[in-house]
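Here the structure comes first, spelled out in structure tokens, and everything after it is commentary.
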Amino acid sequence: MRVYNFSPGPSALPLPVLERAAAEMTDTNGTGQSVMEMSHRSRDFKPIIEKTEALLRELMGIPANYRVLFLQGGASLQFSMVPLNLAGVEPKSASFVETGVWAKKAAEEASKYLEVHTRGSSKDKGYTYIPAPLPPEPGDAYYHITLNNTIVGTRWASLPDTNTVPLVADISSCILSEPLDVSRFGILYAGAQKNLGPAGTTVVIIREDLIGHAPSWTPAMLRYDIHAAEGSMYNTPPCYGIYIIGLVLEWLKGLGGAAAMGKLNREKADLFYAHLESSKLFRSPVEKSSRSLMNIPFVSTLSDAERRADLDTRFVKEAAAKGLVNLAGHRLVGGMRASIYNAMPIEGVKALIQFMEQFEVSHV
Ligand SMILES: *Cc1c(COP(=O)(O)O)cnc(C)c1O
């Protein structure tokens with residue numbers, strides 16, 4: 001039986017994608033091979049990576065002066081690659097807005113190579129809002145934000161004005177969840193395992209003029225210029241992940257692309273937030289104007305910490321018994337969290353709301 005999987009990542013994939021991958025497992029495109037068995041430089045694999053890139057370009061509206069790279073190392077490696085590759089731009093400094101754990105890690109990693117300017121932080125309220133961002137400092141090589149904050153469930157509703165300083169965004173948990181103007185950014189990066197495919201592939205979208213500034217001592221595997229020159233084939237790319245991303249993108253295109261997806265995601269999130277507003281037992285800890293469409297934490301209104309923890313445990317367990325799984329909140333936030341990425345159908349959100357209504361009646 002398929003469950004409704006609310007995991008923050010790796011997360012649910014669309015059922016038609018999994019079924020197609022299963023059907024093509026031993027013989028893909030009449031090659032008599034699984035994608036896992038193909039040489040990455042073969043005539044069989046070439047159309048697969050080309051199709052994935054073309055679909056990503058089409059669905060995200062990626063301008064011609066941007067390169068698309070399929071790398072490994074997760075979003076976390078980009079925390080290092082971005083400063084390493086832009087460190088050649090003097091003076092060595094960059095701006096960061098601290099909106100949560102991932103944003104903080106990106107800044108900490110960059111501080112090994114650059115001077116970090118913190119241009120806003122919501123740490124004072126447990127990252128439950130997006131702070132008003134200060135402009136970049138003169139000479140900053142880039143300005144980094146985490147567009148959707150997976151753990152606490154916030155999202156930038158509008159982008160900071162960074163003048164000519166390239167805006168760099170971690171879009172791991174919101175890529176293709178709604179339309180995004182790529183031309184506003186210098187670099188976008190995302191680990192695939194939230195909204196795009198399986199773990200192991202990282203998508204990097206980079207404006208061409210930002211390629212080629214890495215200091216000469218930078219390890220080859222960490223250089224954008226080498227990966228770009230080799231078409232993501234400097235070494236063996238994550239072939240199977242790239243193939244699955246291609247299937248996910250085809251599925252997304254079939255649904256009407258980023259605009260249609262955005263509308264559906266808005267509908268799903270509105271439904272769930274409206275339920276939280278009307279609930280007497282649960283509430284959202286996140287400020288209204290900063291609420292994520294993808295990750296929705298919720299906590300109970302019980303004042304006693306022990307009773308609250310007990311209720312959380314019961315909730316997660318009873319939900320799982322009904323096929324609503326992976327609802328435990330992040331250990332830093334507590335409570336529960338429903339991650340409702342692109343692959344979560346609106347029926348899953350409705351099923352969760354129905355369960356919460358029943359739970360509320362029987363436990364209060
Ligand atoms: C999950 C996540 C990461 C970490 O991704 P890895 O691929 O595991 O390195 C970084 N940033 C955001 C916003 C995330 O959601």
Side-chain angles (χ1 to χ4, degrees), residues 5-13 69-84 96-110 112 120-123 126-131 142-157 159-160 167-178 180 185 187-205 221-222 227 232 237-238 240-242 244-245 248 265 269 286 290-297 326 328-333 337-344:
N5 179 5
F6 296 90
S7 168
S11 10
L13 285 163
L69 308 175
F70 297 105
L71 307 179
Q72 302 188 53
S76 298
L77 190 58
Q78 294 310 306
F79 299 166
S80 314
M81 278 182 76
V82 172
L84 264 169
F96 289 79
V97 183
E98 192 188 342
T99 52
V101 169
W102 297 119
K104 195 157 170 263
K105 281 194 172 168
E108 271 167 10
E109 203 52 34
K112 295 174 182 171
S121 171
S122 50
K123 195 179 176 190
Y127 303 120
T128 53
Y129 69 105
I130 299 290
Y142 65 97
Y143 192 110
H144 183 278
I145 62 169
T146 310
L147 197 62
N148 183 77
N149 295 274
T150 322
I151 292 174
V152 133
T154 63
R155 121 188 201 277
W156 288 78
L159 299 176
L167 182 59
V168 175
D170 179 352
I171 55 168
S172 293
S173 51
C174 60
I175 185 167
L176 280 167
S177 62
E178 59 184 332
L180 186 68
F185 299 88
I187 301 177
L188 291 165
Y189 62 87
Q193 71 273 20
K194 313 286 169 50
N195 219 5
L196 214 50
T201 305
T202 313
V203 171
V204 175
I205 300 159
M221 277 295 286
L222 303 185
H227 288 295
S232 302
Y240 198 74
I242 292 167
I244 296 287
I245 292 172
V248 170
N265 283 330
V286 176
S290 303
R291 288 179 178 173
S292 168
L293 301 181
M294 298 278 96
N295 311 97
I296 309 187
N326 293 322
H330 192 277
R331 64 197 148 80
L332 295 175
V333 183
R337 172 176 47 168
S339 292
I340 51 172
Y341 297 115
N342 289 354
M344 173 60 64

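For ligands, and for the atoms within them, numbers begin at 1 and follow the listed sequence. This chain uses plain numbering: 1 for the first residue, then up along the sequence. Here the structure is a predicted model, which means the values were calculated and not measured. Computed from heavy atoms alone, side chains included, the values below leave out hydrogens, waters and symmetry copies.
Listed by chain and number, G74, A75, S76, F79, W102, T146, N148, T150, D170, S172, S173, Q193, K194 each place a non-hydrogen atom less than 4.0 angstrom from ligand 1.
Judged as a salt bridge (Lys or Arg N to Asp or Glu O under 4.0 Å), and not counting sequence neighbours, the contacts of K112 are E109. S177 pairs by the side chain to side chain donor-acceptor pair (under 3.5 Å) definition with nothing, not counting sequence neighbours.
K194 and G9 get closest at one heavy-atom pair: CD-CA, 3.9 Å.
For S172 (side chain) and G191 (main-chain N/O), a donor-acceptor pair under 3.5 Å exists by modelled atom type.
Between Y142 and F96, the two ring planes are perpendicular [angle over 60°; tilted spans 30° to 60°].
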Sequence neighbours left out, cut at 3.5 Å: what donor-acceptor pairs do the side chains of residues 196-203 make with other protein atoms?
residue, atom, partner, partner atom, Å
T202, OG1, G74, N, 3.0
T202, OG1, G74, O, 3.4

